[in-house]
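I have placed the structure first, in the form of structure tokens, so that the comments after it can refer back to it.
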Amino acid sequence: MSTTADPLAALGALPGVAESVESVRKAVDRVYGHRIMRRRSNAVTSEAALRAARGSAALSGADWALEEVRRRSDFGTDDEARVMGAALRLTAEAGQLLSIWRQSPLRVLARLHLVAAASDESRVGRPRQAGEVVDEPLIELPLPDAREVSGRLDGLADLIIAGSSAPALVTAAVVHGELLALRPFTSHNGLVARAAERIVLIGSGLDPKAICPAEVGHAEQGRAEYLAALEGYVSGTPEGMAAWIAHCGRAVEFGVRESTAVCEALQRGAA
């Protein structure tokens, strides 16, 4: 990451990033301008949250049909069900943490892990310590040691607290990518990273009603593309970073498309 006074803004100046930012902004403006948003925005938000949880869970190994998510009430019966339950809890919790994020992002991340894990084990709700094993089988990138995790988490928190002139998409992509690269907790890092991205997109004002679920778009682009884009972020090269930000931008646009379809269904009275 750049060492300038505002490294997030420097990332916004990478080739192709401005185009991604503008494309996302136009897509978000279109769905917010849909006539159904004047009367049924709460219904769109609720449906977007369900689809966001389903998308995030799919990337963590629980790829369920949407109707299965609606139908189920017990999410503790097996590994996939527990992943889905964690994703649903995180999506609900994210909206409650918006006011805390800018002042204490590490506190929010700890809370997200606590909610996802739903356990009182000593490892839950804090960054991993030296020697602790990470259960994140779908991400096979080299794992930074606990000391590096601590330093980089502090650096990320400092960036969030200091604020930036960077577009929301850039900040959200960096938060998401950094958490996936670090895997700071012993479990549920992917779910936490995507929930943190969600918090940034909503809290920044880009998507204040939470109707543009990037999680849907990440899942729709496929796990292989998601991991390939993440490798670009981890490389730290300008090209890799720009590719990751563009991937996150496409994810938001897919989320917009999903919620536009929900708006159309509500307008027809079919949802």
Side-chain angles (χ1 to χ4, degrees), residues 1-14 17-18 20-21 24-25 28-29 32 41 45 48-49 52-53 56 87 89-117 124-127 149-185 188-215 217-218 233 241 244-245 248-249 251-252 255:
M1 195 176 293
S2 170
T3 57
T4 62
D6 189 349
L8 294 176
L11 292 177
L14 290 174
V17 170
S20 294
V21 168
V24 166
R25 184 178 294 115
V28 172
D29 286 348
Y32 270 84
S41 64
T45 296
S56 189
R89 291 192 299 273
L90 283 174
T91 303
E93 186 74 10
Q96 309 302 313
L97 299 172
L98 298 173
S99 63
I100 306 172
W101 174 254
R102 283 293 300 274
Q103 287 74 42
S104 187
L106 296 185
R107 179 181 163 197
V108 169
L109 294 175
R111 174 62 184 170
L112 290 174
H113 187 240
L114 189 66
V115 168
V124 172
R126 62 155 174 80
V149 167
S150 178
R152 286 173 63 175
L153 277 180
D154 286 343
L156 181 63
D158 289 344
L159 287 177
I160 299 302
I161 293 168
S164 172
S165 62
L169 172 64
V170 173
T171 303
V174 167
V175 167
H176 185 172
E178 192 71 356
L179 292 174
L180 285 179
L182 293 177
R183 280 145 290 162
F185 302 108
H188 299 90
N189 290 287
L191 294 174
V192 168
R194 291 183 288 276
E197 179 189 49
R198 179 179 183 81
I199 288 171
V200 175
L201 292 172
I202 297 169
S204 67
L206 177 64
D207 181 23
K209 293 184 182 294
I211 62 167
C212 306
E215 300 94 331
H218 288 303
Y233 177 87
M241 298 291 282
W244 170 250
I245 294 168
C248 291
V252 175

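Everything numeric here is computed off the predicted structure, so don't read it as measured data.
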Name each donor-acceptor pair under 3.5 Å that joins a side chain in residues 99-116 to protein atoms two or more places apart or in another chain, with its distance.
| residue | atom | partner | partner atom | Å |
| --- | --- | --- | --- | --- |
| Arg102 | NE | Ile160 | O | 3.1 |
| Arg111 | NE | Glu93 | OE2 | 2.9 |
| Arg111 | NH2 | Glu93 | OE2 | 3.4 |
| His113 | ND1 | Gly125 | N | 3.0 |
| His113 | NE2 | Ser187 | O | 3.1 |
| His113 | NE2 | Ser187 | OG | 3.3 |

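Looking at residues two or more places apart in sequence or on another chain, you find a side chain to side chain contact (heavy atoms under 4.5 Å, CB included) between Ile202 and Leu98, Arg198, Ala210. With sequence neighbours excluded, the residues forming a side-chain hydrogen bond (donor to acceptor under 3.5 Å, both in side chains) with Arg194 are Ser56, Ser60, Tyr226, listed by chain and number. Asp207 is linked by a side chain to side chain contact (heavy atoms under 4.5 Å, CB included) to Tyr32, Ile211, Cys212, counting only residues two or more places apart in sequence or in another chain. Residues passing the side chain to side chain contact (heavy atoms under 4.5 Å, CB included) test with Pro167 are Val21, Val170, sequence neighbours excluded. The side chain to side chain contact (heavy atoms under 4.5 Å, CB included) search around Ala214 returns Glu197, Leu201, His218, Ala251, Val252, not counting sequence neighbours. Evaluation of the side-chain hydrogen bond (donor to acceptor under 3.5 Å, both in side chains) rule for Ser164 yields Asp6 as partners, not counting sequence neighbours.
In this structure, Val175 and Ala196 approach most closely via the heavy-atom pair CG1-CB, 3.7 Å. In terms of heavy-atom proximity, Ala166 sits nearest to Ala9 at CB-N, 3.6 Å. The shortest non-hydrogen separation linking Val24 to Gly249 is CG2-O, 3.4 Å. For Leu90 against Val192, the heavy-atom pair with the smallest separation is CD1-N, 4.1 Å. The two residues Leu14 and Met241 come nearest to each other via the heavy atoms CD1-CB, 3.9 Å. The nearest pair of heavy atoms linking Pro127 to Leu153 is CG-CD1, 3.9 Å.
Here the CG-CG distance, from Leu159 to Asp154, works out to 11.0 Å after rounding to the nearest 0.5 Å. Note that NE2 of His176 and OH of Tyr233 are 10.5 Å apart. Values are rounded to the nearest 0.5 Å.
Side-chain N or O atoms of Arg152 include none that pairs as donor or acceptor with a backbone N or O of Val149 at under 3.5 Å.
Between Leu182 and Leu156, every side-chain heavy-atom pair lies at or beyond the 4.5 Å cut-off.
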- Are Ser20 and Leu169 close enough, and set up right, to give a side chain to side chain contact (heavy atoms under 4.5 Å, CB included), and what steps lead you there? CA-CA 9 Å; Ser20 294; Leu169 172 64; 4.2 Å; yes

